[in-house]
J.: 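Have a look at the structure that comes next, please.
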Amino acid sequence: MIQSMTGYGKSKLEVAGKTFVAELKSLNSKHLDANVRLPSELRELELPLRNRLSKALGRGKVDLSLQVEKHEAESSAKINIKVVESYLSQLQQFPSSTNGDDNRLLQIAMSMPNALSSEKNELEKEDSEAVYKVLEMALEQINQFRTDEGEVLKKDFELRIDNLTELLLKVKDIDPERIAHVKSRLRKGIEDLKEKVDENRFEQELIYYIEKYDITEEKTRLDNHLDYFNKALNSSDSNGRKLNFICQEIGREINTIGSKSNFAPMQKAVVQMKDELEKIKEQLLNVL
């Protein structure tokens with residue numbers, strides 16, 4: 001089953017008084033191009049998170065936004081007691097400025113630099129576990145989105161291949177008429193010259209001309225490529241790169257038929273085939 005590279009997933013998880021929110025968006029790209037936005041306290045997880053995105057999503061232009069919201073006002077600051085005591089000791093040398101008011105002295109000391117320090121900067125284990133869990137939830141959603149989009153693409157590909165198959169049948173039906181037209185045109189050209197011709201030589205030249213513009217092999221190969229595309233589309237290892245390679249082979253045979261056709265009704269069918277193929281190529285850009 002093919003997957004689209006377009007997807008979206010959002011998940012939320014509440015753990016230990018915090019809400020973790022992960023949002024994922026992806027678009028088509030030849031390689032994995034991940035943009036990860038994290039709170040500063042989660043920065044150390046960026047590399048493992050990128051590795052997880054690469055493993056789970058393969059390729060595409062991916063945006064990951066992860067936020068952490070605290071439910072309650074929590075203070076992670078601690079008083080540097082020794083620093084504050086030092087400030088108080090120095091301030092007490094200027095009693096005239098505070099009139100001996102201890103509360104006033106303490107207020108001044110607490111407002112001085114380094115009176116407060118962060119409690120800790122290390123990431124808690126339960127926080128990192130919550131980050132990975134909420135990411136997995138978002139990945140599950142985006143992959144389901146990609147699978148659903150892939151099903152839509154698959155139906156469109158099947159329609160286009162059916163159209164190409166019908167057009168190929170039309171080319172096969174036109175081919176005998178094209179050969180008769182070539183013979184008639186050559187015969188008329190000789191008659192216009194008002195020259196007698198050796199019928200044996202004429203037949204030899206005609207056979208050479210017809211063989212030069214014969215499309216039997218192209219029709220057979222194109223038939224095989226269309227069948228192979230359908231089989232690859234339904235295989236377990238189906239992917240955009242493989243389908244694109246088959247698409248190139250289909251295009252090569254269509255172009256050769258067009259260059260050899262030399263007959264307006266067949267050239268019209270070839271133009272329609274090229275149009276269907278372009279629609280397939282455009283959609284293939286979005287297949288994982």
Side-chain angles (χ1 to χ4, degrees), residues 1-74 76 120-158 160 232-245 247 279-288:
M1 175 64 69
I2 62 171
Q3 275 193 323
S4 168
M5 277 187 277
T6 300
Y8 178 80
K10 186 175 183 179
S11 60
K12 183 182 293 187
L13 180 66
E14 295 185 5
V15 176
K18 299 176 183 177
T19 298
F20 295 82
V21 181
E23 186 175 18
L24 276 169
K25 300 175 185 177
S26 70
L27 297 171
N28 62 304
S29 177
K30 290 184 178 181
H31 309 285
L32 180 70
D33 180 12
N35 178 33
V36 180
R37 295 190 297 276
L38 301 172
S40 57
E41 63 267 26
L42 301 180
R43 279 297 169 192
E44 64 185 80
L45 298 179
E46 182 172 350
L47 183 57
L49 290 177
R50 284 182 178 275
N51 291 336
R52 182 67 190 113
L53 290 176
S54 176
K55 185 176 181 181
L57 300 179
R59 62 192 179 106
K61 182 175 176 58
V62 180
D63 284 315
L64 167 62
S65 174
L66 206 150
Q67 298 177 343
V68 182
E69 301 172 2
K70 296 180 181 179
H71 295 181
E72 301 173 358
E74 298 179 2
S76 61
K120 59 181 178 180
N121 293 318
E122 294 182 0
L123 183 65
E124 295 181 4
K125 182 180 179 181
E126 63 180 11
D127 285 351
S128 61
E129 290 176 349
V131 168
Y132 289 124
K133 187 173 182 179
V134 77
L135 176 62
E136 291 302 319
M137 293 164 62
L139 284 171
E140 185 176 347
Q141 288 188 19
I142 196 172
N143 275 321
Q144 184 59 51
F145 192 110
R146 283 178 153 198
T147 299
D148 294 341
E149 287 289 305
E151 183 63 28
V152 174
L153 289 173
K154 180 174 178 288
K155 290 179 181 178
D156 186 70
F157 289 142
E158 289 172 340
R160 303 300 171 193
L233 188 61
N234 291 283
S235 67
S236 58
D237 63 341
S238 182
N239 61 75
R241 290 190 174 97
K242 182 177 181 180
L243 294 174
N244 188 61
F245 173 76
C247 197
K279 292 174 182 176
I280 292 176
K281 287 180 178 179
E282 185 178 348
Q283 294 286 34
L284 275 176
L285 294 174
N286 203 33
V287 176
L288 182 62

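Any value given below was found using the heavy atoms of this structure, including those in side chains, with hydrogens, waters and symmetry copies removed.
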J.: To the nearest 0.5 angstrom, please state how far the CZ atom of Arg146 sits from the CG atom of Leu57.
T.: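 Going from CZ on Arg146 over to CG on Leu57, the span is 4.5 Å.
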J.: Taking atom types as modelled, find out whether Tyr8 and Gln141 have a side-chain donor-acceptor pair closer than 3.5 angstrom.
T.: no
J.: Looking at residues at least two apart in the chain, or sitting in another chain, which of them share a side-chain contact (heavy atoms from CB on, under 4.5 Å) with Asn51?
T.: Leu47
J.: Any side-chain heavy atom of Val131 within less than 4.5 Å of one from Asp127?
T.: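 When only atoms from C-beta onward are counted, Asp127 and Val131 do not touch, as no gap falls below 4.5 Å.
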J.: Does Met5 offer a backbone N or O that forms a donor-acceptor pair with the side chain of Ser26 under 3.5 Å?
T.: yes
J.: So, do Leu42 and Leu49 sit near enough that their side-chain heavy atoms are less than 4.5 Å apart?
T.: no
J.: Hey, which of Asp63, Leu66, Ile142 is the one that makes side-chain contact (heavy atoms from CB on, under 4.5 Å) with Leu24?
T.: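 Only match with Leu24 under side-chain contact (heavy atoms from CB on, under 4.5 Å): Ile142.
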J.: Give the minimum heavy-atom separation between Glu149 and Ser4, together with the two atoms involved.
T.: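 Minimum heavy-atom contact is CB-CB, 3.4 Å.
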J.: How far apart are the closest heavy atoms of Ala130 and Leu13, and which atoms are they?
T.: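 Ala130 and Leu13 have their closest heavy atoms at O-CD2, 3.7 Å.
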J.: Can you check side chain to side chain donor-acceptor pair (under 3.5 Å) on Lys154 and Asn234, steps first, answer last?
T.: CA-CA 9 Å; Lys154 180 174 178 288; Asn234 291 283; 3.1 Å; yes
J.: Using 0.5 Å steps for rounding, measure from the CG atom of Leu233 to the NZ atom of Lys242.
T.: 10.5 Å
J.: Counting only heavy atoms not in Lys25, do more than 12 fall under 6.0 Å of its NZ?
T.: no
J.: What closest approach, in Å, do Phe145 and Gly7 show between heavy atoms, and which atom pair accounts for it?
T.: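 Of all heavy-atom pairs spanning Phe145 and Gly7, the closest is CD2-CA, 3.4 Å.
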J.: Looking at every heavy atom in both Ile2 and Leu153, which two are closest together, and how far apart are they?
T.: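 Scanning both residues, the minimum pair turns out to be CD1-CB, 4.0 Å.
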J.: Once rounded to the nearest 0.5 Å, what's the spacing between atom CG of Asn35 and atom CZ of Arg50?
T.: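 Reported to 0.5 Å precision, the distance equals 7.0 Å.
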J.: Roughly how far apart are Gln144 CD and Gln3 CD, rounded to 0.5 Å?
T.: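 If we round to the nearest 0.5 Å, Gln144:CD and Gln3:CD are 9.0 Å apart.
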J.: Does atom CD (Glu129) have a neighbourhood of more than 12 heavy atoms from anything else shown, all under 6.0 Å?
T.: yes
J.: Looking only at heavy atoms, what is the nearest atom pair of His31 and Arg59, with distance?
T.: C-CB, 3.7 Å
J.: If you apply the rule salt bridge (Lys or Arg N to Asp or Glu O under 4.0 Å), what do you find for Lys279 with Glu282, and how did you get there?
T.: CA-CA 5 Å; Lys279 292 174 182 176; Glu282 185 178 348; over 6 Å; no
J.: Could you walk me through whether Phe157 and Leu284 pass the side-chain contact (heavy atoms from CB on, under 4.5 Å) check?
T.: CA-CA 9 Å; Phe157 289 142; Leu284 275 176; 3.7 Å; yes
J.: Is Thr147 reaching over with its side chain to a backbone N or O of Asn143, donor-acceptor style, under 3.5 angstrom?
T.: yes
J.: Would a distance-only check, ignoring hydrogens and angles, find a side-chain to backbone donor-acceptor pair under 3.5 Å from Asn239 to Asp237?
T.: yes
J.: Quick one: are Leu285 and Asn244 in side-chain contact, heavy atoms under 4.5 Å?
T.: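 Side-chain contact under 4.5 Å: no.
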J.: Grab the two heavy atoms, one from Arg43 and one from Val36, that are nearest each other, plus how far apart they are.
T.: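 Minimum heavy-atom separation between Arg43 and Val36: NH1-O, 4.0 Å.
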J.: Can you tell me how far the CZ atom of Phe20 sits from the CD atom of Gln67, to the nearest 0.5 Å?
T.: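 The distance works out to 12.0 Å.
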J.: Looking only at atom types and distance, does a side-chain atom of Arg52 sit under 3.5 Å from a main-chain N or O of Glu136, one as donor and one as acceptor?
T.: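 Not at all, since once roles are kept as given, no pair shorter than 3.5 Å links the two residues.
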J.: Is any side-chain heavy atom of Leu243 less than 4.5 Å from a side-chain heavy atom of Ile280?
T.: no
